[in-house]
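Step one of this worksheet: look at the structure below.
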Amino acid sequence: MKKKRKRYKIRIERLAFSVSVISMLILLVLNGAISIFTSNKDKIDDTTLLVKSKQNFIVCIDPGHGAYDRGAESANGVFEKDVVLKVGLKVGQILENNNIKVVYTRKDDKTILGSDDREDLKKRVQISHDNKADLFVSIHCNSYKDTSIKGIELWCNEPNTKAELLAKDIQEELYKLKYTEKRNIKYQSNSLLYVLKNNDAISALVEIGYLSNKEDSKFITSKDGQAKCAEAIAKAILTFKDNIKK
Ligand SMILES: [Zn+2]
């Protein structure tokens, strides 16, 4: 009996030893797995951040007017709503090719954003807001009874703001195309420009030229002119994005 108990005791001790060795091994393996998991997780987080910093920049492109609202009209019957839609879609396409998320207030001429002008403008701002846009760029064409008036006109809320920088960047890039003059940057103060005043995003409104002016109109209603304007606006947005990150 005594011998048996001793052997039994030895077995228990061996068993205990084995259990503790196995436990240690399990712990070691688990620890390794955890550290592998953690370092992978860190790596995944890093990449996610990288992707985020590239793709999380959101630009809302707002081609003015649309559907029943034709906007200005050129002497030969081209409507502002059609010019700015073509330019706006092209701007968006270039930005998307540069890993920027783009939202549009309208992508066709059928979309009715509101039952009246006020509702329409409100909806445009709402789209920008709902999509958490960083930038909002509204694209328009000018018109004036004096047909000699021409040029690129930019609007923003206030001077000495990021929005003014954006407006200037857009104006300078368009001006480089040499199709017209540049006009002074304008600041909206009395809610004349709803889409700027009520917008959380850094916002600018660009009038790419005067449809009432022969020279401006010739360029901005041409396919080539529209493509060039779109490239210039997109380039300005990309430059602005890079500058505010620094
Ligand atoms: Zn307009």
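Remember, it's a predicted structure, so these values are computed and weren't measured experimentally. Just so you know, ligand 1 is whichever comes first in the structure, and atom 1 is the first atom listed for that ligand.
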N, O or S from Cys141 under 2.8 Å to the Zn ion (ligand 1):
no
For a distance under 2.8 Å, tell me if Glu80 has an N/O/S atom near the Zn ion (ligand 1).
yes
Using distance alone, with no hydrogens and no angle criterion, decide if Asp224 and Ser222 have a side-chain donor and acceptor under 3.5 Å apart.
no
Any chance NZ of Lys186 has more than 12 other-residue heavy atoms, nucleotides or ligands included, within less than 6.0 Å?
yes
Atom name in His65, limited to N/O/S, at shortest distance from the Zn ion (ligand 1)
NE2
Of all the N, O or S atoms in His140, which has the shortest distance to the Zn ion (ligand 1)?
ND1
Distance under 6.0 Å and angle within 45° of ring axis: Lys182 vs Tyr175:
yes
Hey, mind stepping through Thr180 and Ile152 against side chain to side chain contact (heavy atoms under 4.5 Å, CB included) and telling me if it holds?
CA-CA 7 Å; Thr180 190; Ile152 306 150; 3.5 Å; yes
